[in-house]
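To start, the structure itself, in structure tokens.
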Amino acid sequence: MLNCLTFLLSCPCKFCTHFKLQSMKLITIFFLFLLLASPIVSGATLKQQEVEVLKEIGNTLGKKDWDFSVDPCSGERNWTSPASKSYSELNAVNCDCSFSNHTLCHVVSIVLKSQNLSGTLPPQLARLPYLQEIDLTLNYLNGTIPKQWSSLNLVNISLYGNRVTGSIPKELGNITTLKSLVLEFNQLSGNLPTELGSLPQIETLLLTSNNFTGELPASFANLTTLKNIRLGDNQFSGSIPNFIQNWRSVETMVIQGSGFSGPIPSGISLMKNLNDLRISDLNGSDSPFPQLDRITNLQTLMLRSCNIIGAMPENLGNLTNLKVLDLSYNKLSGQIPSSFAELQKMDMLFLTRNLLTGPLPDWISKPDFVDLSFNNFSIRKSEEPGCQQGSTNLFASSVNGNSIGNISCLQNTGCTKSKFIKYFL
């Protein structure tokens with residue numbers, strides 16, 4: 001074997017020369033693999049100072065099953081748990097072990113989702129200098145958001161579904177690396193700090209279901225990198241500001257039951273990247289239908305209980321990507337636009353409790369579900385009798401009952417709505 005290899009290496013023919021080149025490539029790749037793998041073999045470990053900080057963090061959170069008999073960056077024992085269908089990671093302490101020639105690790109991410117943690121938010125996280133992600137989704141954590149976190153170069157903060165109280169620390173506006181701030185379903189309160197408008201890379205800002213008050217700060221006009229914003233189920237005041245037209249990159253905007261007043265600002269027509277727009281339960285006076293025909297990426301459009309009056313514009317038929325359209329609980333009048341026949345992708349249509357008139361269009365049974373209840377439509381004899389025609393709810397949909405017999409459920413008796421029911425698609 002050795003003699004054959006010696007011959008091949010010394011032979012000047014083309015075949016052997018080609019073989020030598022391929023062999024050298026394989027040898028080079030092999031040694032590179034050994035070089036890269038050597039830190040793993042030698043066992044890069046977490047800096048001892050950070051190990052001690054993790055012990056403090058575990059005590060503050062109520063995380064009792066971290067096993068410090070093994071290195072936290074090893075991925076062994078319970079430092080990393082398998083992913084689930086809902087989450088890519090449930091329990092993970094992730095490290096970067098490229099320091100000091102691949103012998104030293106630093107914690108860069110702590111993900112503890114659905115761990116039944118009942119402690120408080122740990123300020124000690126600020127003592128992990130390389131930390132980029134804090135994800136404590138769906139626990140029972142109390143207390144306030146530590147302002148000390150602002151010293152970190154965080155990219156993601158998620159406290160979704162906890163019991164966090166107090167206001168958002170203004171210091172979080174100093175985290176220039178922050179791209180995602182998720183604080184939904186907590187008990188936070190107070191005005192949103194002006195300083196949050198200084199976040200130069202923020203893409204996701206989710207604040208639904210808290211007790212925030214006051215108006216949106218004018219500084220939020222600077223959040224031009226936003227892609228997803230949810231503000232629903234709060235106690236804000238004032239109007240939806242026209243500066244939202246600056247959010248040209250926003251794809252999802254949800255302002256359901258937020259406390260804001262109308263009208264929907266005209267600048268919304270400039271948000272052409274929107275594919276999911278949901279606004280509901282606006283306070284204030286009546287206003288005309290906003291111009292939306294240029295937002296052709298829209299797939300979900302909800303303008304529910306927004307005090308909109310007048311006819312539905314024909315140009316809504318230009319929104320051919322629409323799958324869900326909800327214009328319920330307004331004061332819309334006239335007929336359903338003929339252009340709606342072009343909305344071939346529409347699965348769900350809600351026009352409940354308006355002042356709509358005229359015959360039912362021929363295509364009305366094509367979507368998976370249609371609610372036309374509490375309107376003033378004309379019901380023709382040729383149409384199937386009853387208040388549920390296929391997938392279409394016609395309860396109390398005709399002010400004069402109907403012309404096909406005594407079907408009392410079709411008649412709109414004009415009863416008033418005592419309160420709105422908020423729902424989230």
Side-chain angles (χ1 to χ4, degrees), residues 86 137 156 158 160-161 179-185 202-210 212 216 220 223-234 236 240-260 262-282 289-306 308 312-313 315-330 340 342-352 367-371 420-425:
S86 302
T137 293
N156 175 44
S158 179
Y160 179 101
K179 291 186 177 181
S180 178
L181 180 60
V182 180
L183 304 177
E184 292 182 308
F185 299 97
I202 194 73
E203 295 179 357
T204 298
L205 181 61
L206 308 184
L207 306 176
T208 298
S209 294
N210 281 285
F212 293 120
L216 283 187
F220 276 34
L223 301 180
T224 55
T225 56
L226 270 177
K227 292 183 179 179
N228 302 287
I229 182 165
R230 298 206 293 248
L231 303 173
D233 193 19
N234 279 289
F236 292 113
I240 300 175
N242 202 45
F243 65 61
I244 65 171
Q245 66 183 303
N246 293 355
W247 300 345
R248 305 291 176 87
S249 298
V250 166
E251 298 171 0
T252 299
M253 184 166 72
V254 179
I255 310 179
Q256 292 180 246
S258 59
F260 288 118
I264 298 170
S266 59
I268 200 170
S269 64
L270 300 175
M271 301 174 69
K272 296 182 181 180
N273 283 316
L274 275 170
N275 59 53
D276 188 342
L277 173 61
R278 309 184 206 187
I279 302 175
S280 76
D281 302 284
L282 292 182
F289 206 100
Q291 184 177 346
L292 302 173
D293 58 293
R294 289 184 287 179
I295 312 177
T296 55
N297 290 328
L298 273 175
Q299 296 182 30
T300 298
L301 173 59
M302 173 197 286
L303 302 179
R304 179 182 173 93
S305 187
C306 292
I308 302 173
M312 290 182 284
N315 57 25
L316 281 181
N318 296 339
L319 307 181
T320 54
N321 289 307
L322 268 184
K323 296 181 179 179
V324 178
L325 176 60
D326 185 351
L327 304 177
S328 300
Y329 296 100
N330 286 292
F340 277 26
E342 303 301 320
L343 303 179
Q344 298 293 320
K345 297 180 181 179
M346 187 161 58
D347 297 323
M348 305 179 76
L349 173 63
F350 300 89
L351 298 176
T352 313
D368 293 336
F369 183 78
V370 176
D371 193 338
F420 296 128
I421 299 175
K422 291 186 290 187
Y423 69 94
F424 297 87
L425 289 172

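- The residue from L277, I264, I279, I295 that alone fulfils the side-chain contact (heavy atoms from CB on, under 4.5 Å) condition with P290 is I264.
- Looking at F260 and I255, their side chains come closer than 4.5 Å, going by heavy atoms from C-beta outward.
- Atom CZ in R230 sits 10.0 Å away from atom CG in L207 (nearest 0.5 Å).
- Interatomic distance, CE of M346 versus NZ of K323, reported as 13.5 Å (0.5 Å rounding).
- Tested against D326, the residues M348, R278, M302 include a single side-chain contact (heavy atoms from CB on, under 4.5 Å) partner, M302.
- Under the 4.5 Å side-chain criterion, counting only non-hydrogen atoms from C-beta, R248 is in contact with L270.
- Nearest approach of L343 to G317, heavy atoms of both residues: CD2-O, 3.8 Å.
- Side-chain contact between P265 and I244 is present, with at least one heavy-atom pair separated by less than 4.5 Å.
- For the pair L223 and I229, the minimum side-chain heavy-atom distance is 4.5 Å or more.
- Using a distance-only test at 3.5 Å, with no hydrogens or angles considered, a donor-acceptor pair links the side chain of T225 to the main chain of I202.
- Of the possible polar contacts, one joining the N330 side chain to the C306 backbone as a donor-acceptor pair under 3.5 Å is found.
- Interatomic distance, L322 CG to E342 CD, rounded to the nearest 0.5 Å: 13.0 Å.
- If you take CE on M271 and CG on N297, they are separated by 12.5 Å, rounding to the nearest 0.5 Å.
- Inter-residue side-chain proximity for N242 and S266 is flagged as met; some heavy-atom pair is nearer than 4.5 Å.
- The closest side-chain heavy-atom distance from V250 to N273 is not below 4.5 Å.
- Under a 3.5 Å cut-off, the side chain of S305 and the backbone N or O of S280 do not form any donor-acceptor pair.
- We find the CZ-OG1 distance between F243 and T224 to be 12.5 Å, quoted to the nearest 0.5 Å.
- Looking at heavy atoms from C-beta onward, L226 lies out of side-chain contact with F220 at the 4.5 angstrom threshold.
- Within the model, atoms CG of L205 and CE of M253 stand 12.5 Å from one another, a figure rounded to the nearest 0.5 Å.
- Partner of L292 under the side-chain contact (heavy atoms from CB on, under 4.5 Å) criterion, chosen from N315, L301, N318: L301.
- One side chain, D233 or S209, offers a donor N or O that lies under 3.5 Å from an acceptor on the other.
- With hydrogens and angles ignored, the 3.5 Å screen pairs a side-chain donor or acceptor of S328 with a backbone N or O of T352.
- Ring planes of F350 and F369: tilted class, angle from 30 to 60°.
- Checked by atom type and distance alone, the side chain of N234 pairs as donor or acceptor with a backbone atom of N210 at under 3.5 Å.
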**OP:** Go through the steps to decide whether L303 and F289 satisfy the test side-chain contact (heavy atoms from CB on, under 4.5 Å), and finish with yes or no.
**Re:** CA-CA 9 Å; L303 302 179; F289 206 100; 4.0 Å; yes
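- Under the 4.5 Å side-chain criterion, counting only non-hydrogen atoms from C-beta, K345 is in contact with N321.
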